[in-house]
Amino acid sequence: MAAPTETLFREDAYLSTAEGEVVGLNDRGGILLDRTNFYATSGGQPGDTGFFERPDGSRIAIAGTITGETKNEIIHVPAPGQALPAVGETLVLHIDWARRYRLMRMHTACHLLSVVCPFPITGAAVGEDDSRVDLDLPDAGVTKEGVTEELMKLVNANHPVFTRWITEEELNANPGLVKSKNVRPPVGAGRIRLVCIGENAVIDSQPCGGTHVSETQEVGEIHIGKIEKKGRENRRFRIRFGAMPAN
Ligand SMILES: [Zn+2]
């Protein structure tokens, strides 16, 4: 039990379908595969939903994806009442791509916010319509209009977004890479995945295990819906899709 799942989404976030073989079912009906394109809830990004297609053409609706004992053990949670596959069965794994793509756009927008407001991140939650990022920002000398304008400059500049792997030694030599105060970067087998923005990562690079779009323009139009005060030194930013509503 608990064999690591090959995580296809780490190398290709755009893999909306893939094939995987059932290697186990846990005692709560969770499906374990040898490989998956389904992202599991982690780092503030919700896990994927979608369906698995069985060899006979029938479908298993997947209500969520979570990690097990380690981040490399991925559990696909079927919706209630679904028939379960047999171990050894090969399934075609279909992500709810419209939902995932919105999450990828939003997740990338959260990185852009951390460029515009370069303060330690104390929390984040990526959503389909609304994301929040909590920043350790003592004085709210920032406005939602001003931050929105800077965000849209980065979106419109269409910077490339890519990943690269570094060693733990390189990370330890560059502690400034880690912007998150409470979340440890995804470390595994001595290497860390960096998400980079801009040619040669000139705009940003930070450890992250989530899924992102490949060019900032794909984020599309976004705005800061709200900046809330959360405690003396914390500001909660809410990122939303679309133009800022006139008020
Ligand atoms: Zn990320």
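In each ligand, atom 1 is the first atom listed, and ligand 1 is the first ligand listed. Any value given below was found using the heavy atoms of this structure, including those in side chains, with hydrogens, waters and symmetry copies removed.
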Geometric class of the F52/F38 ring pair [parallel <30°, tilted 30-60°, perpendicular >60°]: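 Aromatic pair F38/F52 classed perpendicular.
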Within 6.0 Å of CZ in R236, more than 12 heavy atoms from elsewhere: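 Counting neighbours around CZ of R236, more than 12 heavy atoms of other residues, nucleotides or ligands fall under 6.0 Å, so yes.
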Flag if over 12 foreign heavy atoms under 6.0 Å of CD, E199: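 Check fails, neighbour count at 12 or below.
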Salt-bridge present (D130, R132; N to O < 4.0 Å):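 No salt bridge links D130 with R132.
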Under the ring pair (Phe, Tyr, Trp, His ring centres under 6.0 Å) test, residues paired with H94 that sit two or more places apart: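 Partners of H94 by the ring pair (Phe, Tyr, Trp, His ring centres under 6.0 Å) criterion, ordered by chain and then number, come out as F51.
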Derivation and outcome, side chain to side chain donor-acceptor pair (under 3.5 Å), residues S114 and Q206: CA-CA 10 Å; S114 80; Q206 61 178 297; 3.1 Å; yes
Distance filter under 2.8 Å, centred on the Zn ion (ligand 1) - protein N, O or S atoms that pass it: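 Sorted hits: H107 NE2, H111 NE2, C208 SG, H212 NE2.
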